[in-house]
S.K.: 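Submitted below is the structure of interest, expressed as C-alpha cells.
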Amino acid sequence: MSNVFAIFEQRIKEFVQQLDLKSDVELNLSRITVEPPRDPAHGNLASNAAMVLAKLAKQNPRAIAQLLADKLSDEPNVTNVSIAGPGFINITLSDEYWVHHLKEVLDQGKSYGGNATGDGLKVNVEYVSANPTGPMHVGHCRGAVVGDALANLLSFAGYDVTREYYTNDAGGQIEVLARSAYLRYREALGEDIGAIPEGLYPGEYLIPLGEALAKQHGEALLKADDEDWLPIVKKASIDGMMGLIRADLAALGVHHDVFFSERSLHKVENGSSPISRTVDRLTEMGLVYKGTLPPPKGAKPDDWEDREQLLFRSTDVGDDMDRALKKSNDDFTYFAADVGYFHDKFDRGFKEMILILGADHSGYVKRLEAVGRAISDGASKVTVRLCQLVKLFREGQPVTMSKRSGNFITLREVVDEVGRDAVRFMMLYRKNDAPLDFDFAKVTEQSKDNPVFYVQYAHARVYSVMRQAARDMGDLDISPNALKKADTSLLTDDGEIGIIKKMAEYPRVIDSAARSHEPHRLAFYLYELASLLHSQWNKGRDLPDLRFIHQENAPLTLARLALVYSVSCILASGLAIIGADAPEEMR
RNA sequence: GGUCCCGUAGCUCAGUAGGAUAGAGCAAUUGAUUCCUAAUCAAUAGGUCGGUGGUUCGAAUCCACUCGGGAUCACCA
C-alpha cells in the first residue's frame, strides 16, 4: 500500500471508531476523505472527518477534530496536526517521511501506484466496434484511444480486463458491402463498371478486395446466382475489412483480446440461437410483450405507422420507452442482438461492462444500462462512456470532409501525419464528454504548447541527466539498483520534497481515475509532474547547489539521481497507460 | 417536443466522492542561455464559475427552474 492518503484515511476511520461517538443513526464513515489540501500552507493531508461526523453525532465539529487530532499527533512521522476553519484536520508529515517514501517509488519502479483498486474484478471494456465496411476514419479515433487507455488504466489498477470489439457482421450493411465488393470483382475481371451506383460503397479500398476475389475464384462467381456468391463474397469482405481495421488499430497501438461476432448470436442450433435464448429468459422474467410503440412525443414523423412488434419492457428497468426486439417481418432487431451480447458477457462472468461509444449514440445509453440490469438481475453493471466529437483544424481552419463522396479523412492519415503518441495523448488531454479540437499544426509543435512533448521531454531530460552523470562520474554506479541504496535524506530542498509529494499522489490519481473511468486525469497529472521536474532542473541554473550532478559529492548526486529517476519511472508508467512512448532521448 | 452532454480568465481547458483565498497553458508585460538538452524556467496581470431559487456548517460541484451551444430521437446498424 503506497497510497499515503488511503493509509491516513483508514487510520482516521479506526480512530473514529475508537472514539465511540454516540449517535442515533449509524455513523457513515464512507464520506470521510483525506486529500491533498489546495494550499500547501495547510499541510500535506487534509481530512473532513470531523465535519462529516459532527451532524450525525450532534457535536461541535471542532471538538471532534480535537479528539482526532490528539490521536493523530501520536502517529509516527506526523510533525503537526492543526484544526482549521469549520473543522478541517490538517496533517503535516516530516521530511523524513517523504524522503523515505521515495524509497517506495524506487523499489516499485514502474509498478508503483498500481494494483490497489481492482482486486482482480472481471471487467469488460468494449470499444471501437466500428462496422466492418471500410477502413477506420478519424471519427473512430477518440473512442479507440479512450477505450484502450481506460483498459490499460484499469489493468494497471488491478482489474482483470478484457478488451473487446463487437463486430457488426450481420445485417444489411454487410450485404451492401458484399455487393460493392462484387462490383469491384467484376471490374477486376475487366468489366467496365462505370460509376458506382447510389447505395453502394464507392471507396477505392474495395478494389484490392475485388482483385483478390478475381484471383481466387476466377470467373466462377460471375455466373453464380446471388444466393450462391453472396455468402462467399460476404465472408471475404468481412475478413478483408477487419484486416484493414486491425491494421489501422495497430498503427494507433490499439489491441483487442476478443473480436466478438454479431453473426454468431444469430446462429440457430437445435432450434434456438443465443438471441432467442436471451429473449426467452427475458420473457420468463415478464419483460417481453407484443404491442405497438407510441410515436415520439412532439415531432411525429410523417410516415409514422403503428406496428405490432415483440417489445422489451425496458421502462421497467429504467428506460424512457419500451424497445423493439423483433421487426415486423419477425427478424430480430439490432437491439435484440445487443441484448444477446450482454447475456453472453454476463455468462462469461464480467461484473462490470464498460462501453465506449460516440456521442451520436447518446440516445442508446439508457436502454443499454437497462439491459444490463435486466439480464444480470442487478449482479453486473453496465456503464457507458460517451466520447464527444473531435473537430479537426489545420492552422486554425476547420478541416471539412464529406463522407458522401467517400472522401473522408482516415484514421491512418492522421496517425501518419502527427504520430501515434501525439494522437493518443491529445485525445486524452480532455474530458471525454467535452468536445475536442484537434489541430494538426499544434500537436506536432515541439514546445510546451504541446503537452505530449512537454511530458516526453521531461522523461528524456532525466535520461539526459543520467547520461551526463555517467560521463562526469565514470566510476560511480548509477544503475537503478545502486540508486535504491542512495541516502535520500540528503534531499532537503523544498522543490525536491515537493516532487516527492507529487509522486506520492500518483497512486491516488490512478485509483480515482480508474474508479471514475476518466483516463484524462492521468494525462493532466503527468503534465504537472513533468512541470515540477523542469522547474527543479531550471533552479539549478541560478543556484548551482541545486543541480543534480555534483562531481565532488557522490552521495548527494546519487540521492538526486534517485529522485529524478523515480520521476522518470512514473512518467514512463503513465505514458504507457496512455499508450505513448517514453523516449530516452529527443533531438 | 423528449432524452443526453457542454457553458469556469481575452482564448483552449483542469477542478479529484460538496470543502478552506476557484487552478494550468496560450496570448500580454518583465526577466533568466559561458551551465545536467532554453523543446525549459521565474515573475506580473487577468474571474458576478451562463442566470435565478433551493438543499447545508460549506456549492463551480447536488436539486428545481431558466438562458445559450451541441448531439440524438419508432422495423437501419
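Just so we're on the same page: letters track the sequence lines, and every chain starts at 1.
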S.K.: Taking the side chain of A/Asn168 as heavy atoms from C-beta outward, which of B/A14, B/G19, B/A77 is closest to it?
M.R.: B/A77
S.K.: Give a yes or no on whether a salt bridge exists between A/Lys290 and A/Glu308, defined as a side-chain N under 4.0 angstrom from a carboxylate O.
M.R.: no
S.K.: What nucleotide, of B/C5, B/G19, B/G15, holds the atom closest to the side chain of A/Phe88?
M.R.: B/G19
S.K.: Would you mind classifying the nucleic acid contact of A/Arg508 as base, sugar-phosphate or nothing, using non-hydrogen atoms under 4.0 angstrom?
M.R.: base
S.K.: When we call it a touch if two heavy atoms are under 4.0 Å apart, what does A/Glu505 touch: a base, just sugar-phosphate, or nothing?
M.R.: nothing
S.K.: Assess the side chains of A/Ser512 and A/Arg521: does a donor N or O sit below 3.5 Å from an acceptor N or O?
M.R.: yes
S.K.: Please name the nucleotide paired to B/U29 by Watson-Crick or G-U wobble geometry with both distances under 3.5 Å, or report none.
M.R.: B/A43
S.K.: Between A/Ser535 and B/U40, does any side-chain N or O lie under 4.0 Å from OP1 or OP2?
M.R.: no
S.K.: Just call it for A/Ile549: base, sugar-phosphate, or nothing, with non-hydrogen atoms closer than 4.0 Å on any strand.
M.R.: base
S.K.: Which is true for A/Met586 with a 4.0 Å heavy-atom rule: it touches a base, it touches only sugar-phosphate, or it touches nothing?
M.R.: base
S.K.: Indicate, with a heavy-atom threshold strictly under 4.0 Å, whether A/Ala359 touches base, sugar-phosphate, or nothing.
M.R.: sugar-phosphate
S.K.: Stacking between A/Tyr527 and B/A24, defined as ring centres under 5.5 angstrom apart with planes under 30°, is that present or not?
M.R.: no
S.K.: Does A/Phe440 have A/Arg394 sitting over its ring (NZ/CZ under 6.0 Å from centre, angle to axis within 45°)?
M.R.: yes
S.K.: Determine, for A/Lys502 against A/Glu528, whether the closest basic-nitrogen to carboxylate-oxygen distance falls under 4.0 angstrom.
M.R.: yes
S.K.: Distance check: side-chain N/O of A/Lys327 vs OP1/OP2 of B/A77, anything under 4.0 Å?
M.R.: yes
S.K.: In whole angstrom, give me the gap between the P atoms of B/U33 and B/A22.
M.R.: 35 Å
S.K.: Is the phosphate of B/A32, meaning OP1 or OP2, less than 4.0 Å from a side-chain N or O of A/Arg541?
M.R.: no
S.K.: The side chain of A/Tyr457 is closest to which nucleotide in this list: B/A71, B/C36, B/A38?
M.R.: B/A38
S.K.: Could you identify the nucleotide paired to B/C65, looking across every strand shown and requiring Watson-Crick or G-U wobble geometry with both distances under 3.5 Å?
M.R.: B/G51
S.K.: In whole Å, what separates the P atom of B/G15 from that of B/U34?
M.R.: 40 Å
S.K.: Taking the side chain of A/Arg38 as its heavy atoms from C-beta onward, which of B/U16, B/A14, B/A20 lies nearest to it?
M.R.: B/A20
S.K.: May I have the distance from A/Phe524 (atom CZ) to B/A14 (atom C1'), rounded to whole angstrom?
M.R.: 5 Å
S.K.: Nearest whole Å is fine: how far is B/C4 C1' from A/Leu368 CG?
M.R.: 13 Å
S.K.: Which one, B/C4, B/U16, B/A20, comes nearest to the side chain of A/Ser512?
M.R.: B/U16
S.K.: Who does B/A9 pair with, Watson-Crick or G-U, both distances under 3.5 Å?
M.R.: none
S.K.: Can you tell me the distance, in whole Å, between the CZ atom of A/Arg547 and the P atom of B/U37?
M.R.: 11 Å
S.K.: Have a look at A/Gly85 and say if it touches a base, only the backbone sugar-phosphate, or nothing, with a 4.0 Å heavy-atom cut-off.
M.R.: nothing
S.K.: Taking the P atom in each of B/C67 and B/C76, what is the distance between them to the nearest angstrom?
M.R.: 35 Å
S.K.: For A/Leu436 and for A/Gln388, locate the closest nucleotide of RNA chain B by heavy-atom distance; then report the residue assigned to the nucleotide nearer the 5' terminus.
M.R.: A/Gln388
S.K.: Using atom C1' in both nucleotides, what's the gap between B/A27 and B/U72 to the nearest angstrom?
M.R.: 36 Å
S.K.: Identify whether any heavy atom of A/Thr33 sits under 4.0 Å from a base atom; if not, whether one sits that close to sugar-phosphate; answer base, sugar-phosphate or nothing.
M.R.: nothing
S.K.: Between B/G31 and B/C36, how many Å separate the two C1' atoms, rounded to a whole number?
M.R.: 23 Å
S.K.: When you measure from the side-chain N and O atoms of A/Arg467 to the phosphate of B/U37, is any distance below 4.0 Å, counting only OP1 and OP2?
M.R.: no
S.K.: Given atom CH2 of A/Trp537 and atom C1' of B/A38, what is their separation to the nearest angstrom?
M.R.: 8 Å
S.K.: Does A/Asn90 get its side chain close enough to the base of B/A20, under 3.5 Å, for a donor-acceptor pair?
M.R.: yes
S.K.: Starting at atom CG of A/Asp169, determine the distance to atom P of B/A77, rounded to an integer number of angstrom.
M.R.: 12 Å
S.K.: Which one is paired to B/G1, where only Watson-Crick or G-U wobble pairs with both distances under 3.5 angstrom count?
M.R.: B/C73
S.K.: Indicate, with a heavy-atom threshold strictly under 4.0 Å, whether A/Ser30 touches base, sugar-phosphate, or nothing.
M.R.: base
S.K.: Quick one: is B/G25 close enough that its OP1 or OP2 comes under 4.0 Å of any side-chain N or O from A/His534?
M.R.: no
S.K.: Nearest whole Å is fine: how far is B/U16 C1' from A/Arg31 CZ?
M.R.: 16 Å
S.K.: Just how far, in rounded Å, is P of B/G15 from OH of A/Tyr429?
M.R.: 11 Å
S.K.: Are A/Lys431 and B/G15 close enough that a side-chain N or O sits under 4.0 Å from OP1 or OP2?
M.R.: yes
S.K.: With C1' as the reference atom in both, quote the distance from B/A59 to B/A20 in angstrom, rounded to an integer.
M.R.: 13 Å
S.K.: Just compare B/U40, B/C4, B/A77 and give me whichever is closest to any side-chain atom of A/Asn538.
M.R.: B/U40
S.K.: Categorize A/Lys326 for me: base, sugar-phosphate, or nothing, with a 4.0 angstrom heavy-atom threshold over every strand shown.
M.R.: nothing
S.K.: Given B/A39, B/C5, B/A74, identify the nucleotide with an atom nearest to the side chain of A/Phe453.
M.R.: B/A39
S.K.: Kindly say if A/Tyr364 contacts the phosphate of B/A74, meaning a side-chain N or O under 4.0 Å from OP1 or OP2.
M.R.: no
S.K.: Using atom C1' in both nucleotides, what's the gap between B/G53 and B/C13 to the nearest angstrom?
M.R.: 29 Å
S.K.: So that I know where these two stand, are A/Tyr166 and A/Tyr341 an aromatic pair - ring centroids less than 6.0 Å apart?
M.R.: yes
S.K.: Does A/Ala513 reach a base, just sugar-phosphate, or nothing at all? Heavy atoms under 4.0 Å.
M.R.: nothing
S.K.: Of the nucleotides B/U12, B/U37, B/G19, which one has an atom closest to the side chain of A/Glu35?
M.R.: B/G19
S.K.: Report, as yes or no, whether the 6.0 Å neighbourhood of atom NZ on A/Lys381 holds more than 12 heavy atoms from other residues, nucleotides or ligands.
M.R.: no
S.K.: Please report the C-alpha distance between A/Glu352 and A/His517 in whole Å, then the side-chain angles of each, then the deciding distance to 0.1 Å, and finally whether the side chain to side chain donor-acceptor pair (under 3.5 Å) criterion is met.
M.R.: CA-CA 12 Å; A/Glu352 201 171 344; A/His517 306 147; 3.1 Å; yes
S.K.: Mapping A/Asp360 and A/Pro435 to their closest nucleotides on RNA chain B, which lands nearer the 5' end?
M.R.: A/Pro435
S.K.: More than 12 foreign heavy atoms under 6.0 Å from CG of A/Asp472: is that the case here?
M.R.: yes
S.K.: Mind calculating the distance between CG (A/Leu543) and P (B/C35) to the nearest angstrom?
M.R.: 17 Å
S.K.: Look at all strands and tell whether A/Asn48 reaches a base, only sugar-phosphate, or nothing, counting heavy atoms closer than 4.0 Å.
M.R.: base
S.K.: For the residue pair A/Tyr429 and A/Phe524, is the inter-centroid distance of their aromatic rings smaller than 6.0 Å?
M.R.: yes
S.K.: Among B/C76, B/A71, B/U16, which nucleotide sits nearest the side chain of A/Leu389?
M.R.: B/A71
S.K.: Does B/U34 have a Watson-Crick or wobble mate here (both distances under 3.5 Å), and if so which one?
M.R.: none
S.K.: Looking at A/Lys539 and A/Asp493, does any basic side-chain N land under 4.0 Å from a carboxylate oxygen?
M.R.: yes
S.K.: In whole angstrom, give me the gap between the P atoms of B/G54 and B/U16.
M.R.: 25 Å
